[in-house]
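A short worksheet on the structure shown next.
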Amino acid sequence: MSLFEVKNLRKNFGGLAVTDNVSLSLAPGDRLALIGPNGAGKTTFVNLVTGHIKPDGGSIALAGEDVTGLKARQRVSRGLVRSFQVTRLFADMTPQEHVALAILQRDGKSTRMFGRHDAMREVVEEVGEILNLLGLTELAHLKVREIAYGQQRLLEIALAMALRPKVLLLDEPAAGVPQSETARIERALDMLPPELAVLMIEHDMDLVFRFAKRVMVLAAGAVIFDGSPQDVTQDVRVREAYLGSYANAGSAA
Amino acid sequence: MSPKGDRGGDATVRRMDRTQHLRQKPPSALPGISPSRGEIGSRHRIKPHHKDVHPRMQTVLSIAIDALAYGMVLFVISIGLSVTMGLMRVVNLAHGAFAMIGGYLASYVTRDLGLGYAPAILIAVIATAIIAVPIERLLYRRIYGAPELTQVLMTIGITFCVIGLANYAFGPTLKTIPLPETLSGSIDLGFRAIATHRIFAIVCGVVVAFGLWFLIERTAFGIRLRAAVDNAPMAAALGVRTQLVYAVSFAVAVGLAAFGGVVGAELLPVEPYYALRYMVTFLVAVSIGGAGSIPGALIACLLLGAIDTTGRYLAPEYGEFFFYLAVIVIVTLFPRGLAGRFK
Amino acid sequence: MKRFLGAAIAALAMSVSAEAATIKVGVVGPFSGPFALQGKNFKAGIDAYMAVNGAKVGDNDVEIIYRDVPQADPAQSKALAQELIVKEGVQYLAGFYFTPDAMAATPILQQGNVPMVVMNAATSAIVTKSPYVVRTSFTTWQTSTPIAQVAKDAGVDKVITVVSDYGPGVDAENAFKAGFEKAGGKVVEAIRMPLSTNDFSPIMQRIKDSGAGAVFAFLPSGPTTLGFVKAYNQNGLKTAGIKIFAPGDLTQESDLPALGEAAAGMQTTFHYAVSHDSPENKAFVEAATKAIGNPAELSFPAVGAYDGMHVIYKMIEATGGEQDAKKAVDAVKGLSWVSPRGPVSIDAESRHITQNIYLREVTKGPDGKYINKEIKTFERQGDPGLAAAK
Amino acid sequence: MAVLMDSTLPTRRRPLGTLIGIAVIIAAGIIGYFLFPNNLALLTRIVATMLLVLSIDLVTGYCGVATLGHAALFGAGAYGAGIVSAHFGITEPLTMTLIGAAAGAVAGLVSGLVILRAHGLPQLVLSIAVVHLFHEVANKASGWTGGSDGLSGITTDALLGLFEFDLWGRTAYFYGIALLLIVFVLLRILVQSPFGMLARGVREDPIRVAAMGASVHSVMLRMYVISGAVAGIGGALNAISTQVVGLDSLSFTMSAEALVMLVLGGTGSLYGAMVGTVSFMWFEDVVSAANPFHWLTIVGALLIVVVLFAPKGLYGSAAAFLSRRRGGGK
């Protein structure tokens with residue numbers, strides 16, 4: 001049985017099928033990239049999976065448990081974690097505080113009303129390890145608003161790691177990062193635990209080819225390709241979806 | 001339990017009295033009728049009313065008219081606030097202060113200069129808008145886009161200043177704006193009398209609603225305003241002078257406030273504390289309508305007018321309860337307002 | 001350490017009260033905020049008294065220290081009263097527009113050895129809170145009771161009462177009801193409306209529907225009275241012959257210019273009208289007008305303050321400037337004099353003022369301005385509220 | 001491992017901040033006592049208000065909830081403490097304070113449940129509606145609350161059986177300072193705890209907090225209850241020291257003034273709340289004593305000046321200025 005199972009997920013907006021019978025399954029250690037042209041329904045799909053919008057049909061199961069009816073945060077506590085396409089961090093807090101908060105939340109200690117996180121030994125150690133792993137140690141005490149965007153993206157990954165998910169949804173982890181710094185993101189992604197199942201949504205095909213072992217292509221809300229990265233560029237329907245959409249965009253402008 | 005002091009005794013007396021008056025609710029003229037409040041409309045018809053209309057119907061109609069008139073006055077005053085809050089995104093607690101300035105000016109123009117009602121309205125609106133221009137340039141411009149709390153602090157500060165100055169300049173007494181002969185009487189609607197002035201207020205409300213809708217949806221200025229609101233940098237890049245658009249919008253909003261202050265003065269009399277006294281009412285109306293929405297504000301004001309008026313009729317002693325409970329229910333059901341245009 | 005401090009402060013306080021050449025009177029009232037007009041009247045009354053009678057009692061100079069409590073706020077009132085006693089060393093506390101503010105200061109009178117002269121707060125029970133309280137204003141019971149007789153005499157049998165839903169309003173309702181039913185009338189309905197009511201049309205509809213021949217109304221003086229009186233006219237109650245009876249708060253002199261025509265003919269009972277015809281009042285109005293600046297702002301709290309100062313002067317006389325609250329209060333028990341409002345006396349038992357209550361009608365005065373014209377006198381009225389509370 | 005930790009992650013613990021705060025409060029308390037020995041009642045009132053402003057800081061500064069109705073919690077505490085004394089003969093001050101805290105907490109729960117149903121302006125309006133409802137209830141239940149005449153007849157035993165609440169207000173003052181100290185220390189612990197950090201996260205980005213698996217609503221509601229307890233203690237202190245509770249303690253006016261004080265001082269630091277309260281009330285006292293007739297204008301001007309020149313509030317802007325100077329040196 002697979003770790004993560006999406007079956008026949010459907011969502012309509014005003015009669016338009018934005019997600020059309022999408023199914024996918026992930027096993028531990030999977031590295032799956034979900035790609036597709038603009039407007040293919042990737043964002044909707046992420047929001048359906050994380051629980052921010054309700055599907056019109058279909059089911060989502062995590063480690064054998066049906067989570068379709070659960071709230072977003074309940075899915076998180078069961079091991080389904082996401083990162084954001086545009087960083088969502090706490091501008092006035094430090095990386096150390098971010099990661100500590102994630103660890104405390106994971107361990108169910110985030111509502112403790114006494115004691116300081118930086119006085120809790122295990123927490124400090126783990127924060128140190130994670131920040132060290134991602135090369136953020138130097139920045140541990142700066143406010144997020146003071147650090148560079150590329151490093152904020154790394155912090156997003158650090159947060160995801162701190163939550164120790166079973167399934168991780170990476171929503172364009174390299175979006176907005178200058179070309180010179182994508183290598184650091186790639187290295188960070190390599191350090192994700194091997195048993196973790198990762199679903200990455202990404203535009204940057206270089207990153208997809210380097211990271212993913214499997215690729216799914218979404219177009220007009222439906223899956224049109226599911227196979228190895230080597231085959232995806234050869235697929236007729238994929239070429240049509242991408243080039244067709246470019247052609248359409250050209251004529252509309 | 002009751003303490004020994006007379007105060008406690010006094011309180012007990014009051015409570016007793018209250019239950020007594022409740023017990024005596026069904027007047028002796030109509031024995032045997034349940035004292036439930038819902039029946040009030042049908043009870044004790046002593047004087048014959050107009051023959052064609054059923055008594056209960058008369059009461060319902062009468063309340064409906066009152067609700068409409070009150071709601072429209074609310075609308076005329078609050079719509080300007082809806083513009084500043086919704087379109088310019090400023091929590092403008094000083095709105096009442098501008099309405100009050102308008103009222104004072106109109107009172108001054110009519111009573112001290114001896115001019116008529118119409119010129120008074122005109123002068124009040126224009127002069128208040130002119131007064132608002134430097135205030136916008138010097139103060140409001142600094143808080144566009146600032147956190148809500150900062151805006152609250154600044155606009156409360158402005159309100160305090162205006163109150164203090166009004167008190168200093170005009171004294172603490174009530175100021176009236178004498179109505180012209182044509183508006184001062186009552187009109188007999190057959191089943192009841194209504195102040196002519198209220199009809200005038202209703203008409204003003206309709207005119208303002210339509211005029212504003214036309215300005216925002218149908219004119220070049222409206223297009224610029226909406227563009228400036230949706231995306232200021234983009235609008236600026238397209239050649240819209242956003243600063244000017246903001247200044248004009250602010251002046252229009254303030255002019256509307258002054259207009260409302262004058263037209264509504266019969267209901268909300270002009271005195272220095274006007275600016276604070278009715279601030280909450282205006283805020284509630286705008287928020288329920290959804291800031292920035294003209295139809296929303298209209299519906300909200302009529303709804304609030306209806307709730308308030310009906311509550312005051314059926315159970316005046318719980319009028320406040322009804323009103324604020326209704327506010328809570330409506331906001332809970334429509335957290336973005338009845339027709340929120342923006343967040 | 002603590003004892004040392006205590007002693008030091010006690011010594012400080014002693015030194016303040018020992019130099020008795022200047023006797024300080026602390027006045028607490030609303031000098032800013034929505035009720036600033038009433039505070040202004042306090043000051044006008046006090047200034048007028050001191051202008052007429054001098055700022056000296058015997059060898060002692062009298063100095064007034066004002067403290068501002070803009071709205072009913074007992075915590076602030078008590079803090080200021082305390083400060084006046086311990087810091088400023090006042091020998092007398094006076095003023096107090098709102099009942100809770102007066103109540104809050106009563107517990108410290110005994111310990112501070114300071115009498116309190118209430119110049120406005122109108123709930124009956126205040127005088128029972130401390131033996132050192134004397135009141136020179138009125139109570140709502142006192143002014144509302146006689147109008148019941150007026151209503152009955154006017155041939156009205158059924159009355160609906162409409163009051164603002166707070167202490168004085170409830171007092172007025174109870175007072176009228178007690179008086180009217182004693183006279184053989186009937187209160188068919190009693191409506192209490194929130195203080196914040198702006199639109200009175202629905203209330204007027206209720207009055208019409210009640211079938212009562214008249215309405216008894218109590219609203220605190222100020223902005224809302226205007227809306228109420230206008231609604232009464234515009235909703236056709238006046239033309240339908242439904243009479244209105246009220247204590248004088250509804251037609252306070254400072255509201256009359258605004259009420260104008262709408263209030264014409266309205267009958268109210270109160271302890272004071274600015275138009276009262278007597279030499280004492282002429283002198284008072286002249287002095288008070290000078291003090292307040294604008295004659296249109298002069299109103300009833302001024303006379304409460306004026307007579308309050310009279311009582312305080314008598315107290316200072318009796319004690320020779322020494323700080324002795326008991327002696328001071330005892331000295332004015334039973335004191336009677338002719339006030340601008342007419343003959344008055346301090347009831348020895350309740351320490352509340354006994355005075356005439358006048359029936360007045362709003363009419364145009366000789367100069368074309370609206371006044372409350374006295375048309376009937378109810379002589380020597382005590383406070384029925386205290387008896388009712390017992 | 002510990003060695004590694006030390007080398008990789010410099011810990012920057014600052015219990016010093018709290019110690020300085022304690023020292024400042026004690027020092028200010030003593031200075032206030034000697035400087036204004038005859039204004040202790042005013043100082044006590046400032047302390048009580050400070051507790052209210054601190055409680056607003058908890059929800060506004062730490063959770064980002066805008067409220068113009070927080071006096072509901074303060075008033076609940078004041079009436080709670082007052083009613084048990086006036087009607088049930090519970091006159092022991094510590095017990096009264098605890099009851100005030102409990103009443104405030106319950107009021108916090110109730111208003112939290114209502115207010116947290118919306119955001120932004122509608123939330124502000126909900127908070128206004130809540131405080132008006134509380135006000136109406138207190139006005140109606142005049143048998144219990146004395147209605148608009150105020151709840152009088154509150155008596156208080158000597159504190160710990162030793163210190164009478166006297167005319168000078170010394171006992172009330174020191175009791176107030178002690179309460180403030182205790183509350184301050186507890187709140188410092190709270191805001192530095194994991195929960196405090198979570199709350200700050202809620203203020204900055206609720207969606208991120210939810211994506212970590214935490215319940216935003218429950219965080220805010222808990223904070224509201226705590227905030228209610230703090231405001232309730234302030235209310236109880238007011239009831240104990242004044243011996244009268246008026247409807248004003250449940251009013252919109254008081255809520256608005258307290259919020260103004262908070263924003264004046266600066267949100268989200270606890271210190272800002274205290275600085276703001278002292279500055280505003282001291283300013284109000286001085287100006288209104290100097291000219292009771294027109295002080296409102298001057299207060300209004302002060303607010304405008306603060307917004308223009310110290311937009312983060314008095315404390316917030318001063319702290320930012322200092323850290324910038326220090327940052328420049330490093």
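Per chain, numbering begins at 1; letters A, B, ... match sequence-line order. Worth saying up front: this structure is predicted, and the values here are computed from it rather than measured.
If you take CZ on B/R336 and CG on D/L121, they are separated by 13.0 Å, rounding to the nearest 0.5 Å. Note that the CG atom of D/L124 and the CD atom of B/E148 stand 7.0 Å from one another [nearest 0.5 Å]. A distance of 3.5 Å separates OH of B/Y324 from NE2 of D/H132, quoted to the nearest 0.5 Å. Going from atom CD1 of B/I156 over to atom CD1 of D/I304 covers 11.5 Å, rounded to the nearest 0.5 Å. To the nearest 0.5 Å, atom CZ of residue B/F160 and atom CG of residue D/L303 are 6.5 Å apart. To the nearest 0.5 Å, atoms SG (B/C161) and CD1 (D/I298) are separated by 9.5 Å.
Between chain D and the residues B/V280, B/T155, B/L283, the most heavy-atom pairs under 4.5 angstrom are made by B/V280. Contact tally against chain D (heavy-atom pairs below 4.5 Å) for B/L139, B/L149, B/V327: the top residue is B/L149. When each of B/P172, B/G164, B/G157 is checked for heavy-atom pairs under 4.5 Å with chain D, B/G157 comes out on top. Heavy-atom pairs under 4.5 Å with chain B were tallied for D/A118, D/G89, D/G120, D/G300; the largest tally goes to D/G300. Among the candidates B/I330, B/T150, B/I328, the residue making the largest number of heavy-atom pairs closer than 4.5 Å to chain D is B/I328.
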Exercise for review: Check the pair B/R142, D/L308 against side-chain contact (heavy atoms from CB on, under 4.5 Å), reporting the backbone distance first and the verdict last.
Suggested key: CA-CA 7 Å; B/R142 309 286 284 270; D/L308 291 182; 3.7 Å; yes
Exercise for review: Could you go through the side-chain contact (heavy atoms from CB on, under 4.5 Å) check for B/F321 and D/L133 one step at a time?
Suggested key: CA-CA 6 Å; B/F321 272 127; D/L133 282 184; 3.6 Å; yes
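Scanning residues 93-104 of chain B against chain D with a 4.5 Å non-hydrogen threshold yields no residues. For residues 245-268 of chain D, the interface with chain B (any heavy-atom pair closer than 4.5 Å) comprises D/F252, D/L259, D/V260, D/V263, D/L264, D/T267, sorted by residue number.
Of the two parts of B/L325, the backbone and the side chain both hold a non-hydrogen atom closer than 4.5 Å to a non-hydrogen atom of chain D. Looking at D/V305, there are no atoms closer than 4.5 Å to chain B (heavy atoms on both sides), in backbone or side chain. Heavy-atom distances place both the backbone and the side chain of B/V284 under 4.5 Å from chain D. Using a 4.5 Å cut-off between heavy atoms, D/A66 touches chain B through its side chain atoms alone. Within the 4.5 angstrom heavy-atom criterion, atoms from both the backbone and the side chain of B/L165 approach chain D.
Around NE2 of D/H217, the count of heavy atoms belonging to other residues, nucleotides or ligands within 6.0 Å exceeds 12. Heavy atoms of other residues, nucleotides or ligands lying less than 6.0 angstrom from CZ of B/R141 number more than 12. Residue B/Y140 places its OH atom among more than 12 non-hydrogen atoms of other residues, nucleotides or ligands, all under 6.0 Å distant.
Of all heavy-atom pairs spanning D/P122 and B/P335, the tightest one is CG-O, 3.1 Å.
When atom types are taken as modelled, the side chain of D/K140 and the backbone of B/E317 share a donor-acceptor pair closer than 3.5 angstrom.
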